[in-house]
Amino acid sequence: MAQIQFTNSLTRKKEVFEPLDPTHIRLYACGPTVYDYAHLGNARMAVIFDLLRNVLETRYEKVTYVSNITDIDDKIMTRAKETGKDISDITKLYTAIYNEDMAALGNRAPTIQPHATDHVAEMIAQIEQLIDAGHAYESDGHVLFHVPSFPKYGGLSGRSRDEQIAGARVEVASYKKDAADFVLWKPSSEDEPGWPSPWGRGRPGWHIECSVMSEKHLGLPFDIHGGGADLKFPHHENEIAQSCCAHGNEGDLSAFAKTWIHNGFLTVEGEKMSKSLGNFTLIRDVLDEGVDGIVIRLALLSASYKKPLDWSKELISRMEKMLKRIYTVILDTAEIGTIDLSETHKNDVLAALYNDLNTPQAFADIHRLLSDLERGDVSSEDKEVLRSELLLLCDTLGLKPENAENYLNKADASTLDKALVQKLITERDAAKQNKDYARADALRDELKDMGIALKDGPEGTTWERL
RNA sequence: GGCGCGGUGGCAGAAUGGCUAUGCAGAGGACUGCAAAUCCUUGUACGCCGGUUCGAUUCCGGCCCGUGCCUCCA
C-alpha cells in the first residue's frame, strides 16, 4: 500500500501521514473573514483542502473537516461603518456568497463550519486559562499573550523573538509588556460590538477563535491544520502559542496539530495577488464571465499546492480544453461499463495524489487515460478498467464527471431549441446525401450562428455548444 | 536588515544521480466533401561558476536573478 505523504510546515519535511486515530481523521483549515466577496486566493485554499479531504476519504472511513467563518473582526466593523449596514447583515450576506462560490468550484461544504461569534464563551474560558497559567496578562482593558513566557514561540515560521523585534515595523502599543505580545481580548466602545467578560465589555483578538473552534470540534491534538502560507505568521504561530500554553504543552508545538499544510498563493504577472496591490480577481467575476467553476478548480490545481500559481487567461483556456476533453471522453465511452477496482488498484491510480497532492502528476495520468481510451487498438475489457480509473481520479479531484453531458450541452439549458437543431441537422444530412455541399455548408453556418458546432462522426452527426 | 522559497524546452509545469514527464503552442502525416475532434510522428530544456561522483538538471558550496513573509491578507 502506497503511503500518504504531506509536506509538514512544522518540520519542513515531507512525512508519511500517520493518523492519530485511524478510525477518525481530523482536519482544520482557516476559513475567511466575511466582509467582502471571496477572491481566487480564498478559492485556492478551499479547493486544496477540499481535495485533501477527498484524498483522505479514499483511505479512511471517517474524516471530519472543520473550516470556520470569522464573523467578528475590525475589518467587518469598518465595512459596517462604511456602508451603514448592520454587522450581522454583512456577515450573513458574505457567508452565503462565500459558500455559493465554493460550491460552484466543486467544493463540498465542510463537515462543520463554525462561526466565531458562537464561540465567545469558549474564547473567554481559554483566555482565563492562559492568564491562570501565567501566559497572559490584563493591561488597560486588553488581555495580551505574553510571548516571552513561551520559549518555543516562532517554531512554525522559523524566526526567533529577537528577529521579529529587530524587523518589527509596527509601533509598540504602550499597554504591551513586550513588543511581540499579541491581543487576546480588546475593549469595545459603546457603538462597537462587544460581549461581557471578566475584563469588561469587549471582543476577541484575531487568533483566539481558531484555537478555540478547532479544539472544540476536533479535540486536541488533531491531525492536520492548514491555510494559506501568509497565515503562517503571525496567525498560525499565535494559534499554536495559545493552544499549547492553555493546556500545559509548552514543550511540544505539535500538541495542537500534528501536521501543518500551507498552500502557496496566487500571483498575477509574477506578483502576489493581494488586496493592497489591487490585482486580485473575485471568484464571482470569473464565474460571471462564463468560466465554469470546475475549470477554475482545474486551474487552481494545475501547479503544486505549495508553489505560487500565476493566474492568466491562457491558463483558463488551457483548462477549458482539458475539461472539455475529459467530459467528451467520458460521454463517448458511456456505453463502456465500469468495474469495481481492488484496493491495491485504487492505490496505484491515486498514487500521485497520495504523494503530497501531486496534482500535475495526476493531470498527466488523466491525459494518459484519455489517450488510451480513445485509441482503437485497446480492447473493450481494458477500456472498462481505464474508464473506472479515470472516473476514480476525476471524482477524487472533484471534477464532477457526472456533469459531463450538462457541461457539453450547456447552451440547450436556456435558450436553445433542441428540436430545431435536430431538424437542421437532418436537413443537412439529406443535402449531403444529395451531394449538395453548398446547402450543407450553409446549414453548418446557420447552426454556427446559433452557437452550435457540428461534428460528423462514423455514427452520424453530433453537436455541441461553441 | 532578519527569515524563507524558487530559477526546467516558445509558454505552463512535474519527477529524477545514468533511462520519453504531461499539457498548450509549432512542424509533418492519417482520417475527413468541408469543419471539428481524434490518432501517429517530431524538434527545442534543466540560471552561472566550482566541488563530490564512473556519471549531476538532480547532492554540496559560492554567485547572479526573481519572489514571499516579517503589518490586514488564502
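Below, chains carry the letters A, B, ... as their sequence lines are ordered, and counting in each starts from 1. Source: prediction; values computed, not measured.
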Asks: Would you say A:T70 and A:E209 are linked by a side-chain donor-acceptor pair, where the criterion is simply a distance under 3.5 Å?
Replies: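 Checked: A:E209/A:T70 side chains pair up, N/O donor to acceptor below 3.5 Å.
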
Asks: Say you pick atom C1' in B:rA25 and the same atom in B:rG66; how far apart are they, in whole Å?
Replies: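 About 25 Å, rounded to a whole number of Å.
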
Asks: With sugar-phosphate meaning primed atoms plus P, OP1 and OP2, does A:H39 contact a base, only sugar-phosphate, or nothing at under 4.0 Å between heavy atoms?
Replies: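 If one applies the 4.0 Å heavy-atom cut-off, A:H39 turns out to touch a base.
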
Asks: Once you apply a heavy-atom cut-off of 4.0 Å, does A:L454 come out as touching a base, just sugar-phosphate, or nothing?
Replies: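 Answer is base: heavy atoms of A:L454 come under 4.0 Å of a base.
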
Asks: Look at A:K232 and B:rG4 and indicate whether a side-chain polar atom (N or O) is within less than 4.0 Å of OP1 or OP2.
Replies: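 Negative; the distance criterion is not met.
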
Asks: Checking all strands, does A:K307 fall into the base, sugar-phosphate, or nothing category for heavy-atom contacts under 4.0 angstrom?
Replies: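 Answer is sugar-phosphate: A:K307 comes under 4.0 Å of backbone atoms only.
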
Asks: I need the minimum non-hydrogen distance between A:L277 and A:K272, along with the two atoms involved.
Replies: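 Looking at all heavy atoms of both residues, the shortest contact is CD1-O, 3.4 Å.
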
Asks: Select from A:G227 and A:D372 the residue whose nearest nucleotide in RNA chain B is closer to the 5' end of that strand.
Replies: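 Taking each residue's closest nucleotide, the earlier one in sequence belongs to A:D372.
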
Asks: Whole-Å distance between B:rC34 C1' and A:Q433 CD?
Replies: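 Distance, rounded to whole Å: 16 Å.
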
Asks: For the pair made of CG in A:L266 and P in B:rG68, what is the distance, rounded to whole Å?
Replies: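 After rounding, the reported distance stands at 13 Å.
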
Asks: Taking atom C1' of B:rG6 as reference, at what distance in whole Å does atom CZ of A:F265 sit?
Replies: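 The distance from CZ of A:F265 to C1' of B:rG6 comes to 11 Å, rounded to the nearest Å.
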
Asks: Can you sort out the partners of A:H235 under ring-ring contact (aromatic ring centres under 6.0 Å, His included), two or more places apart, ordered by chain and number?
Replies: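 If we apply the ring-ring contact (aromatic ring centres under 6.0 Å, His included) test to A:H235, skipping adjacent residues, the hits are A:W206, A:H207.
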
Asks: What does A:K75 touch in the nucleic acid at a heavy-atom separation under 4.0 angstrom: a base, only the sugar-phosphate, or nothing?
Replies: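 Sugar-phosphate contact only - A:K75 comes under 4.0 Å of backbone atoms but never of a base.
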
Asks: Between A:W463 (CH2) and B:rA35 (C1'), how many Å, whole number?
Replies: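 For the pair A:W463 CH2 and B:rA35 C1', the rounded distance is 18 Å.
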
Asks: If you draw a 6.0 Å radius around NZ in A:K423, do more than 12 non-hydrogen atoms from other residues or ligands fall strictly inside?
Replies: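 Count not over threshold, so no.
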
Asks: Using salt bridge (Lys or Arg N to Asp or Glu O under 4.0 Å) as the criterion, list what pairs up with A:K75, not counting sequence neighbours.
Replies: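 In terms of salt bridge (Lys or Arg N to Asp or Glu O under 4.0 Å), with neighbours along the sequence ignored, A:K75 is linked to A:D73.
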
Asks: Would you mind telling me which residue lines up with the more 5' stretch of RNA chain B, A:T33 or A:R428, judged by nearest nucleotide?
Replies: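 So the residue in question is A:R428.
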
Asks: Remember a base hit wins even if backbone is also touched, and classify A:I48 as base, sugar-phosphate or nothing at under 4.0 Å, heavy atoms.
Replies: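 Answer is nothing: A:I48 stays at 4.0 Å or more from every strand.
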
Asks: Write out all pairs satisfying salt bridge (Lys or Arg N to Asp or Glu O under 4.0 Å) with one or both partners inside residues 280-290 of chain A, taking only residues at least two apart or from two chains.
Replies: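 Salt bridge (Lys or Arg N to Asp or Glu O under 4.0 Å) check on residues 280-290 of chain A returns A:E100-A:R284, A:D101-A:R284, A:E289-A:K313.
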
Asks: Classify A:G228 by what it touches in the nucleic acid, base, sugar-phosphate, or nothing, heavy-atom distance under 4.0 Å.
Replies: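 Contact class for A:G228: sugar-phosphate only.
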
Asks: If you check the A:A440 side chain, which of B:rG33, B:rG68, B:rC34 turns out closest?
Replies: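 Minimum distance to the A:A440 side chain belongs to B:rG33.
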
Asks: Looking at the side chain of A:N358, which of B:rC40, B:rA14, B:rG33 is the nearest nucleotide?
Replies: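 That would be B:rA14.
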
Asks: Between protein and nucleic acid, restricted to nucleotides 21-24 of chain B and to nitrogen or oxygen atoms under 3.5 Å apart, what atom pairs and distances do you find?
Replies:
from: B:rC24; atom 1: O3'; to: A:K321; atom 2: NZ; distance (Å): 3.4

Asks: Run the side-chain donor-acceptor check on residues 36-43 of chain A: report pairs under 3.5 Å with partners two or more places apart or on a different chain.
Replies:
from: A:H39; atom 1: ND1; to: A:G41; atom 2: N; distance (Å): 3.1

Asks: Determine the contact category for A:L315: base if any of its heavy atoms lies under 4.0 Å from a base atom, sugar-phosphate if only primed atoms, P, OP1 or OP2 are that close, otherwise nothing.
Replies: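 The answer is nothing, as A:L315 stays clear of every strand by at least 4.0 Å.
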
Asks: With the side chain of A:M273 defined as its heavy atoms from C-beta on, choose the nearest nucleotide among B:rA74, B:rU38, B:rG33.
Replies: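 Nearest to the side chain of A:M273 among the choices is B:rA74.
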
Asks: Would you say the side chains of A:K306 and A:T7 form a donor-acceptor pair under 3.5 Å?
Replies: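 Result is yes, a qualifying pair exists.
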
Asks: Under 3.5 Å, is there any donor-acceptor pair linking the side chain of A:D230 to the base of B:rG68?
Replies: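 A donor-acceptor contact between them is absent.
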
Asks: Is it the case that the ring center of A:W260 lies less than 6.0 angstrom away from the ring center of A:H236?
Replies: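 Centroid distance A:H236-A:W260: below 6.0 Å, so yes.
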
Asks: Please report the distance, rounded to the nearest Å, between NE2 in A:H262 and P in B:rG68.
Replies: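 Value for this atom pair: 18 Å.
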
Asks: Can you measure A:D74 atom CG to B:rU71 atom P for me and round it to whole angstrom units?
Replies: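 Rounded to the whole Å, the gap is 17 Å.
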
Asks: Centroid separation under 6.0 Å, is that true for the rings of A:H262 and A:H225?
Replies: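 Centroid distance A:H225-A:H262: not below 6.0 Å, so no.
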
Asks: Flag the pair A:D74 and A:K186 as a salt bridge only when some basic side-chain nitrogen lies within less than 4.0 angstrom of an acidic carboxylate oxygen.
Replies: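 Yes, charged N to carboxylate O under 4.0 Å.
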
Asks: Without decimals, in angstroms, what is the distance between A:K272 NZ and B:rA74 P?
Replies: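 From A:K272 NZ to B:rA74 P: 8 Å.
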
Asks: Please report the distance separating the C1' of B:rU57 from the corresponding atom of B:rU20, rounded so that it comes out in whole Å.
Replies: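 The answer is 16 Å between these two C1' atoms.
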
Asks: With sugar-phosphate meaning primed atoms plus P, OP1 and OP2, does A:T359 contact a base, only sugar-phosphate, or nothing at under 4.0 Å between heavy atoms?
Replies: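 Result for A:T359 = nothing.
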
Asks: Parallel, tilted or perpendicular, judged at 30° and 60°: which one describes the rings of A:H217 and A:H119?
Replies: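 Perpendicular: the ring planes of A:H217 and A:H119 meet at over 60°.
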
Asks: Between the base of B:rG33 and the side chain of A:R439, is there any donor-acceptor pair under 3.5 Å?
Replies: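 Donor-acceptor pair under 3.5 Å: no.
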
Asks: Confirm from the modelled atom types if A:R444 and B:rA35 form a donor-acceptor pair under 3.5 Å, side chain to base only.
Replies: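 Present.
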
Asks: Using the side-chain heavy atoms of A:E374, tell me which of these nucleotides is nearest: B:rC34, B:rA74, B:rU38.
Replies: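 Selected nucleotide (nearest to the side chain): B:rU38.
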
Asks: What nucleic acid atoms does A:S302 come within less than 4.0 Å of, heavy atoms only: base, sugar-phosphate, or nothing?
Replies: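 Contact class for A:S302: sugar-phosphate only.
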
Asks: Measure from NZ on A:K448 to C1' on B:rC34 and round the result to the nearest Å.
Replies: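 Whole-Å distance recorded here is 12 Å.
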
Asks: Using a cut-off of 4.0 Å on non-hydrogen atoms, how would the nucleic acid contact of A:G270 be classed: base, sugar-phosphate, or nothing?
Replies: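 Counting heavy atoms under 4.0 Å across all strands, the contact made by A:G270 is with sugar-phosphate only.
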
Asks: Grab the stems for RNA chain B, please: at least three consecutive Watson-Crick or wobble pairs, both distances below 3.5 Å, written as range with range.
Replies: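 Output for stems: B:1-7 with B:64-70, B:10-12 with B:22-24, B:26-30 with B:38-42, B:47-51 with B:59-63.
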
Asks: Picking from B:rG68, B:rG33, B:rC39, which would you name as closest to the side chain of A:R375?
Replies: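 Of the options given, the side chain of A:R375 lies nearest B:rC39.
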
